[in-house]
Amino acid sequence: MGFFDKVIGTINKANEIKNNLNSITYTPDIVCSNGSKIKKDCIYSRYNLDDMKKTKNDTYLFGNTNIPLATDEILSVNAFLSEASALLTYFPKLQIIPNNLYFKERLINGSTAFCFVSFNPLTATGKKPKYPMVLHFYNSNELFGFLCYSQNSEIEKGDIIVWENGICYEVQLRMIGDELKLNTVYQTNPVTYKKQKVYFQ
C-alpha cells in the first residue's frame, strides 16, 4: 500500500469514527418522583419519552405525539366506571369526557388539574420498580385518578376517584389473572369520613 493510500485510509477511518459519534444518542436522565435519576433506556414505554417535558415538581407533561395514546388509555377507564354503575345502582353515572382532559399545567382552587406522568425510582437494591411509570389524569373535580404501567408498558393497576353529592367513591383496578379488572369499590361516609368497601371481586 502506497503512502497516499495510507493517508486516504486514515482520513476515511477518521470520518467513519466522526459519523459514528454523530449518530450516538446520549440518553438524558429521567428524574423520578423522589428526585433520584435513572436512564431513559431503563424504561420500556409505548410512549415517546423524548417528547415529554419535565416540570419543576419532577413530573412530566405529554408532548403532542403522546397525547392521542394517553387520551385513549385514560378513556379506557370509562368501561370500568360503567361496570361499577351497573353493579351498584347508587354509583354515579359519570364518564370521562375527552374535551375535559387537559395536558398543560394548571391549578384549580390550588389543586393540580391536568394530566401528567411521574416515574418511580429504582428499588433500594437497585432493581427496576414494579410500576416504572404512572399516568395521573384529571377530568373534573368529581373525576380523577391514576394508572400504573408495568415494566412491559401495560396498565396493570389503577385508582379512580369519583365524587357526587359530597360522597367519595374509590374504584380500584387490579390484575386478576392476566387481565386488568374492576377489583374493589370503596364509599366514604360524608359525615364520619369512614371508608367502607361496597364491592369486591
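Excluded from the calculations below are hydrogen atoms, water molecules and symmetry mates; all remaining heavy atoms, backbone and side chain alike, are included.
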Spacing of CD1 belonging to I74 relative to CG belonging to L69, to within rounding of 0.5 Å: 9.5 Å
Is it the case that T65 and D51 place a side-chain donor and acceptor less than 3.5 Å from each other? yes
Hey, quick one: are L182 and L75 part of the same hydrophobic cluster, counting side-chain heavy atoms closer than 4.5 Å, chains of contacts allowed? yes
Hey, what's the ring geometry for Y47 with F62, parallel, tilted or perpendicular (30° and 60° as the breaks)? tilted
Would N152 and Y149 count as having a side-chain donor-acceptor pair, cut-off 3.5 Å? no
Pair T55-N57, side-chain donor/acceptor within less than 3.5 Å: no
Does a salt bridge link K197 with E170, judged by any charged N lying under 4.0 Å from a carboxylate O? no
Starting from the C-alpha separation in whole Å, work towards a yes-or-no answer on side chain to side chain contact (heavy atoms under 4.5 Å, CB included) for I30 and K37. CA-CA 5 Å; I30 286 283; K37 295 180 179 180; over 6 Å; no
Taking the six-membered ring for Trp and the full ring for Phe, Tyr or His, determine whether the centres of Y169 and Y186 are under 6.0 Å apart. no
Please walk me through it: do D58 and C32 pass side chain to side chain contact (heavy atoms under 4.5 Å, CB included)? CA-CA 7 Å; D58 293 338; C32 298; over 6 Å; no
Is the Y138 to Y102 ring centre distance short of 6.0 Å? no
Measuring from atom CG of L81 to atom CG of L143, what distance do you get when rounded to the nearest 0.5 angstrom? 6.0 Å
Salt bridge check, D159 against R174: does any charged N sit closer than 4.0 Å to a carboxylate O? yes
